[in-house]
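Structure, as structure tokens:
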Amino acid sequence: MGHAHFDFTGEVAIVTGGASGIGRAIVEALANAGARVHAFDKHFDSGIAGAVVCHTVDLKDPHAPAKLALRVLALEGRIDHLVNNAGITRDAVLWKLEDAAWDEVLDVNLGASFRMLRAVVPPMRQRGKGRIVQIASINGLRGKLGQANYSASKAGVIALTRTAARELGHFGITVNAIAPGLIETPMTAGLPLEVRERAKNETASGRLGQPTDVASAVLFLLSEAAAHITGTVLPVDGGQLA
């Protein structure tokens, strides 16, 4: 079976959390499809091949998104795509969850997504076109033991996505979310084996997802093939929620 081919030649994309895992797979997929990609993250352990510019940034800084969007505009003259992927976990059951862990997860996962959206909307509105994809989670669609902060942040991302889709649709901007299940990344590699096996057993596909599974879905939602899709949440979970 062949793979879908997308052509983003001449287009400019921003990907947050682009250094590793799902974010890196998205960055590489976009670059391989011809896009000029700007990857934002706190640390880059190695360079990324292709037309990729890496920006070291802490998105907890409330001023960083606006500054970086202006920098990308100065370099490229346009912003066509935004993928809000940056996210962290600080897991604990409710009675052990400290305020700092709650605040940090909400600030990175939801607050930074809001600020990045706000930063790219003006140039997209000016051009009358834009594509935005937010990386949520199936745990924003259901509860998850030990992840009150993470699940709440990803549920917020979903609500933010749907509201932004309503507000921005008549400017030619689509806003969608992807809700991955358990994906095999450096962040999930440290989970206990029983947690990984439980997630695998939840799937209909019989396997855990790969970062490229999510990247393929992102490219579809950024492409013209998805021009009439907005405000949706697409699970990429191998059937964990089926």
Requested in this report: Give me the one residue out of Asp107, Asp61, Asn84 that meets side-chain hydrogen bond (donor to acceptor under 3.5 Å, both in side chains) with Arg115.
Outcome: Asp107
Report task. Please report the C-alpha distance between Lys129 and Glu11 in whole Å, then the side-chain angles of each, then the deciding distance to 0.1 Å, and finally whether the salt bridge (Lys or Arg N to Asp or Glu O under 4.0 Å) criterion is met. Result -> CA-CA 12 Å; Lys129 185 178 181 181; Glu11 299 180 16; 5.5 Å; no
**Report entry** Side-chain (Asn149) to main-chain (Arg90) donor-acceptor, under 3.5 angstrom
**Finding:** yes
Query raised in the report: Do Ile48 and Cys54 have side chains that get closer than 4.5 Å, going by heavy atoms?
Result: yes
Query raised in the report: Passes salt bridge (Lys or Arg N to Asp or Glu O under 4.0 Å), Asp103 versus Lys60? Steps please.
Result: CA-CA 10 Å; Asp103 291 342; Lys60 292 197 300 295; over 6 Å; no
Requested in this report: Take Leu182 and Thr188 through the side chain to side chain contact (heavy atoms under 4.5 Å, CB included) test and state the conclusion after the steps.
Outcome: CA-CA 8 Å; Leu182 187 60; Thr188 61; 3.6 Å; yes
**Report entry** Ion pair check, Lys200 and Glu184, cut-off under 4.0 Å
**Finding:** no
Query raised in the report: So, the side chain of Ser223 versus the backbone of Phe6: is there a donor-acceptor pair under 3.5 Å, distance only?
Result: no
**Report entry** Interatomic distance, Leu75 atom CG to Leu70 atom CG [nearest 0.5 angstrom]
**Finding:** 11.0 Å
Query raised in the report: Between Leu234 and Ile138, is there a shared hydrophobic cluster once you connect ILVMFWY residues whose side-chain heavy atoms come closer than 4.5 Å?
Result: no
Query raised in the report: Heavy-atom count around Gln210 CD within 6.0 Å, excluding the residue itself: above 12?
Result: yes
**Report entry** Criterion side chain to side chain contact (heavy atoms under 4.5 Å, CB included) on Asn176 and Val233, from CA distance to verdict
**Finding:** CA-CA 6 Å; Asn176 292 290; Val233 181; over 6 Å; no
Query - pair His43-Thr56: side-chain heavy atoms closer than 4.5 Å - result: no
Query raised in the report: Is Val108 close to Leu59 at the side-chain level, that is, under 4.5 Å between some pair of heavy atoms?
Result: no
**Report entry** Minimum side-chain heavy-atom gap Ile135-Val214 below 4.5 Å
**Finding:** yes
Query raised in the report: Does Thr89 use its side chain to pair, donor to acceptor, with the backbone of Asp91 at less than 3.5 Å?
Result: no
Query raised in the report: Are Val15 and Leu221 grouped together when hydrophobic residues (ILVMFWY) are joined by side-chain heavy atoms under 4.5 angstrom apart?
Result: yes
Report task. Indicate the atoms forming the closest heavy-atom contact of Ala29 with Ala215, along with that distance. Result -> CB-CB, 4.1 Å
Query raised in the report: Does atom CD of Glu197 have more than 12 heavy-atom neighbours, drawn from other residues, nucleotides or ligands, at distances under 6.0 Å?
Result: yes
Query raised in the report: Are the side chain of Thr174 and the backbone of Thr230 linked by a donor-acceptor contact shorter than 3.5 Å?
Result: no
Query raised in the report: If only atom types and distance count, is the side chain of Thr203 paired as donor or acceptor with the main-chain N or O of Gly206 below 3.5 Å?
Result: yes
Query raised in the report: Near Leu145 CG, under 6.0 Å, is it more than 12 heavy atoms from other residues, nucleotides or ligands?
Result: no
Query raised in the report: So, Thr161 versus Gln134: side-chain donor-acceptor pair below 3.5 Å or not?
Result: yes
Query - Side chains of Ile88 and Met187 in contact at under 4.5 Å (non-hydrogen atoms) - result: no
Requested in this report: Heavy atoms only: give me the nearest Ala31-Val52 pair and the separation to one decimal.
Outcome: CB-CG2, 3.9 Å
Report task. Determine the interplanar angle of the Phe8 and His81 rings, folded into 0 to 90°, and report it as parallel if under 30°, tilted if 30 to 60°, perpendicular if over 60°. Result -> perpendicular
Query raised in the report: Hey, mind stepping through Val72 and Ile14 against side chain to side chain contact (heavy atoms under 4.5 Å, CB included) and telling me if it holds?
Result: CA-CA 8 Å; Val72 173; Ile14 293 173; 4.1 Å; yes
Query raised in the report: In Å and rounded to the nearest 0.5 Å, what is the CG to CG distance from Leu168 to Leu117?
Result: 7.5 Å
Query - Ser20 vs Thr185 side-chain heavy atoms within contact, under 4.5 Å - result: no
Report summary line: Rounded to the nearest 0.5 Å, the CZ atom of Arg196 sits from the CG atom of Asn201 at a distance of 12.5 Å
Requested in this report: In plain terms, say whether Arg142 and Glu202 are close enough for a salt bridge, that is, a side-chain N and a carboxylate O under 4.0 Å apart.
Outcome: yes
Report task. Check whether any side-chain N or O of Asp80 sits under 3.5 Å from a backbone N or O of Val12 as a donor-acceptor pair, and report yes or no. Result -> yes
Query raised in the report: Does the side chain of Leu73 reach to within under 4.5 Å of the side chain of Ile79, using non-hydrogen atoms?
Result: yes
Query raised in the report: Would you say Asp237's side chain and Gly181's backbone share a donor-acceptor pair under 3.5 angstrom?
Result: no
Report task. Count the heavy atoms belonging to other residues, nucleotides or ligands that lie under 6.0 Å from CZ of Arg78, then report whether that count exceeds 12. Result -> yes
Requested in this report: Might you confirm whether atom CG of Asp45 has over 12 heavy atoms from other residues, nucleotides or ligands at distances under 6.0 Å?
Outcome: no
**Report entry** For the student: nearest non-hydrogen atoms of Ala69 and Ala119, plus distance
**Finding:** CB-CB, 3.8 Å
Query raised in the report: Got a donor-acceptor contact below 3.5 angstrom from the Asn109 side chain to the Ser153 backbone?
Result: no
Query - Sidechain N-carboxylate O distance under 4.0 Å for Arg71, Glu76 - result: no
Report task. Scan Gln240, Lys144, Lys154, Gln147 and name whichever one has a side-chain hydrogen bond (donor to acceptor under 3.5 Å, both in side chains) with Asn139. Result -> Gln147
Query raised in the report: Salt-bridged, Glu28 to Arg24, with N to O below 4.0 Å?
Result: yes
Query raised in the report: Looking only at heavy atoms, which two atoms of Gly172 and Arg131 are closest? And how far apart?
Result: O-NH1, 3.6 Å
Query raised in the report: Taking C-beta and beyond as the side chain, do Met124 and Ile132 meet within less than 4.5 Å on heavy atoms?
Result: yes
Query raised in the report: Where is the tightest heavy-atom contact between Leu222 and Val83, given as atom of each residue plus distance?
Result: CD1-CG2, 3.9 Å
Requested in this report: Report, as yes or no, whether the 6.0 Å neighbourhood of atom CZ on Arg166 holds more than 12 heavy atoms from other residues, nucleotides or ligands.
Outcome: no
Query - For Ala64 against Val57, the heavy-atom pair lying closest together - result: CB-CG2, 3.5 Å
Query raised in the report: Under the 3.5 angstrom rule, does the side chain of Ser151 hit a backbone N or O of Gly143 as a donor-acceptor pair?
Result: no
Query raised in the report: Run the side chain to side chain contact (heavy atoms under 4.5 Å, CB included) check on Leu106 and Trp102 step by step: do they pass?
Result: CA-CA 6 Å; Leu106 267 291; Trp102 174 271; 3.9 Å; yes
